[in-house]
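In the text below, chain A, chain B and the rest are named by the order of the sequence lines, each starting its count at 1. Values below: all heavy atoms of this structure, side chains included; hydrogens, waters and symmetry mates excluded.
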Amino acid sequence: MNITDVDDKIIRNSAHDGVTVQQYTARFTKAFLEDSATLSIERPILVRATEHINEMADFIAGLEKKGFAYRTEDGSYYFRIAKFPAYGQLSKKDFAGMADGARVDVDEYEKDSARDFALWKAPKPGEASWETSIGPGRPGWHIECSVMSMEKLGPSFDLHAGGEDLIFPHHENEIAQSEAMTGQQFAHYWFHARFLLVEGQKMSKSLGNFFTVRDLILRGHKPSSIRWLLTQVPYRNQLNFTFDGLKAAASSVEKLRNFRFRLTSAQFPAGSTSAIAQLANETIARINSALDDDLNTAEAQAAMFDMLRKANTALDAMEVRQDDVRPLLGAMDQFDEIFGVLKDDDQPKMKAILDWARAEGREKEISPELLEIAGSAQFSDEQVNKKLAEMESERKSRNFNASDALRAELTAAGIIVENTKDGVRWRRK
RNA sequence: GGCGCGGUAGCCAAGUGGUAAGGCCGAGGUCUGCAAAACCUCUAUCGUGAGUUCGAUUCUCACCCGCGCCUCCA
């Protein structure tokens with residue numbers, strides 16, 4: 001993953017804070033990685049623009065040699081779009097008919113064409129600047145991504161991701177620079193995620209519907225709920241993120257976890273049935289083909305729920321044998337490699353954010369729901385089991401008032417106790 | 001204004017030229033000391049209008065509404 005840790009805004013803000021651009025961006029990178037981890041997103045390999053300044057300079061020199069870049073009097077470099085006829089293909093823009101020079105910034109009087117974009121910016125007083133083979137200055141936006149992607153993945157690679165907002169001009173410019181340089185196709189596929197709406201409106205600070213992952217968790221929502229909601233809608237579609245939806249997602253995750261819990265906690269007669277193994281195999285096949293179809297996560301999830309319903313029906317009918325459990329769990333595990341919500345580590349993650357909020361002095365944002373979930377470890381497993389044993393003995397003696405009181409105590413501590421025909425089982429909320 | 005994407009049940013949301021997945025919520029039922037879990041049943045003709053077709057939610061056109069980009073902003 002490319003981190004652009006130097007651009008106009010970063011330079012301005014870091015100067016304002018009196019820190020280097022690296023120091024300024026480090027805090028955002030850190031928060032990003034922490035929030036990603038909260039959502040169980042694998043940690044990416046990071047590459048930073050400020051660590052590739054010389055490579056960028058060399059790249060620009062190469063472009064100039066090929067005639068795709070030119071130097072202006074002040075020492076800036078621009079990309080010559082007129083030399084790259086495919087420009088605009090990704091964003092499906094036709095620049096042929098556009099009047100050139102209709103709007104030229106006073107700063108840019110030296111550009112050959114208003115559309116030409118900056119590869120390298122000449123130094124300005126008070127701004128971060130590097131000494132390089134093409135002179136002093138700093139990179140423009142775009143060039144870092146071409147250089148770093150190619151360094152890690154080669155001149156031509158399969159998949160380039162990004163938000164839909166980056167299609168133009170950022171990705172268009174990346175393609176132009178990269179392909180001008182190598183003569184090869186830069187990325188074979190572009191993966192552009194659509195922006196989400198919040199309660200039907202675009203997320204913006206002025207509308208007051210701007211939420212970070214931490215904000216949601218402070219309100220008591222689980223990381224797994226957030227992750228599930230975000231994966232429910234295929235990436236290409238616009239997701240409407242709502243708080244009702246978050247609650248619905250929590251229920252869906254519960255349903256999945258309950259099923260897994262049922263499989264791993266109940267007793268089954270020995271043997272196997274071909275029907276269940278077939279169900280598991282069909283489900284895996286359906287999930288894979290859904291994901292192969294442009295990452296249709298909604299269809300993959302529907303496949304899993306269909307399996308759940310059929311398997312639960314079979315479980316109710318006592319038609320599941322011991323050796324059927326493994327294929328069912330196997331299908332779930334494979335599903336969860338993608339969706340990542342079955343492993344219940346919500347509580348420690350929420351606890352970490354609770355601690356963070358306290359350290360940051362944001363106590364007033366901590367919701368009762370967060371306290372309840374993050375604090376539900378007030379009973380250790382041993383203590384729960386002890387209470388459970390008491391409860392069961394009271395139940396056997398038909399002292400239901402006593403057993404119900406124990407159940408209420410556990411429920412208040414976030415422990416859900418279930419009595420089944422296979423005995424008692426429990427889980428944390 | 002230009003380019004692109006979308007409007008499907010109370011909510012979220014797949015999908016197909018031949019009468020519409022899944023999840024949540026709600027109602028009824030089964031099971032159950034209670035509670036929970038689970039299962040069963042019920043709830044849509046797919047933004048509006050017109051056209052193509054034996055037949056359209058699925059194709060075409062128009063219109064309405066939402067979103068994105070069109071800026072050295074991210």
Taking a pair as Watson-Crick or G-U wobble with both distances under 3.5 Å, which nucleotide is matched to B:rC67?
-> B:rG4

Let me know which of A:Asp8, A:Asp5, A:Asp7 forms a salt bridge (charged side-chain N to carboxylate O under 4.0 Å, His left out) with A:Arg138.
-> A:Asp8

Side chain to side chain contact (heavy atoms under 4.5 Å, CB included) partner of A:Arg236, chosen from A:Asn296, A:Leu295, A:Asp294 = A:Asp294

Apply the side-chain hydrogen bond (donor to acceptor under 3.5 Å, both in side chains) test between A:His142 and each candidate in A:His170, A:Glu174, A:His171; give the one that qualifies.
-> A:His170

Inter-nucleotide C1' distance (B:rG23, B:rC5), Å rounded = 24 Å

Quick one: is A:Arg115 getting a side-chain N or O under 4.0 Å of the B:rU71 phosphate, OP1 or OP2?
-> yes

Look at the side chain of A:Thr72 and the backbone N and O of A:Ser76, then say whether any donor-acceptor pair between them is shorter than 3.5 Å.
-> yes

For B:rA9 and B:rA38, measure between their C1' atoms and round to the nearest Å.
-> 25 Å

Contact letters for nucleotides 4-14 of chain B, in which S counts primed atoms plus P, OP1 and OP2 and B counts the base, heavy atoms under 4.0 Å = BB------SSS

Using a distance-only test with no angle check, is there a side-chain donor-acceptor pair under 3.5 angstrom linking A:Thr242 and A:Glu199?
-> no

Classify the side-chain pair A:Trp130/A:Asn54 by whether it contains a donor and acceptor separated by less than 3.5 Å.
-> no

Taking a pair as Watson-Crick or G-U wobble with both distances under 3.5 Å, which nucleotide is matched to B:rU30?
-> B:rA38

Between B:rG68 and A:Lys202, is there an OP1 or OP2 to side-chain N/O distance shorter than 4.0 Å?
-> yes

Round to a whole Å and report the spacing from CZ of A:Phe305 to P of B:rA38.
-> 10 Å

What does A:Leu197 touch in the nucleic acid at a heavy-atom separation under 4.0 angstrom: a base, only the sugar-phosphate, or nothing?
-> sugar-phosphate

Mind checking whether A:Tyr77 and A:Phe117 have ring centres under 6.0 Å apart?
-> no

Aromatic ring centroids of A:His160 and A:Tyr189 under 6.0 Å?
-> no

Does a nitrogen or oxygen in the side chain of A:Ser251 sit under 4.0 Å from OP1 or OP2 of B:rC25?
-> yes

Kindly give the atom pairs (protein nitrogen or oxygen, nucleotide nitrogen or oxygen) under 3.5 Å for nucleotides 33-37 of chain B.
residue: B:rG33; atom: O6; partner: A:Arg395; partner atom: NE; Å: 2.7
residue: B:rG33; atom: N1; partner: A:Asp404; partner atom: OD1; Å: 3.1
residue: B:rG33; atom: N2; partner: A:Asp404; partner atom: OD1; Å: 3.2
residue: B:rG33; atom: N2; partner: A:Asp404; partner atom: OD2; Å: 2.5
residue: B:rC34; atom: O2; partner: A:Asp404; partner atom: OD1; Å: 3.2
residue: B:rC34; atom: O2; partner: A:Arg407; partner atom: NE; Å: 3.3
residue: B:rC34; atom: N3; partner: A:Arg407; partner atom: NH2; Å: 2.7
residue: B:rC34; atom: N4; partner: A:Arg407; partner atom: NH2; Å: 3.3
residue: B:rC34; atom: N4; partner: A:Asn419; partner atom: OD1; Å: 3.4
residue: B:rA35; atom: N1; partner: A:Asn419; partner atom: N; Å: 3.2
residue: B:rA35; atom: N3; partner: A:Arg407; partner atom: NH1; Å: 3.1
residue: B:rA36; atom: O2'; partner: A:Glu418; partner atom: OE2; Å: 3.1
residue: B:rA37; atom: O3'; partner: A:Asn258; partner atom: ND2; Å: 3.4

Have a look at A:Asp306 and tell me which of A:Arg286, A:Gln301, A:Glu282 forms a side chain to side chain contact (heavy atoms under 4.5 Å, CB included) with it.
-> A:Arg286

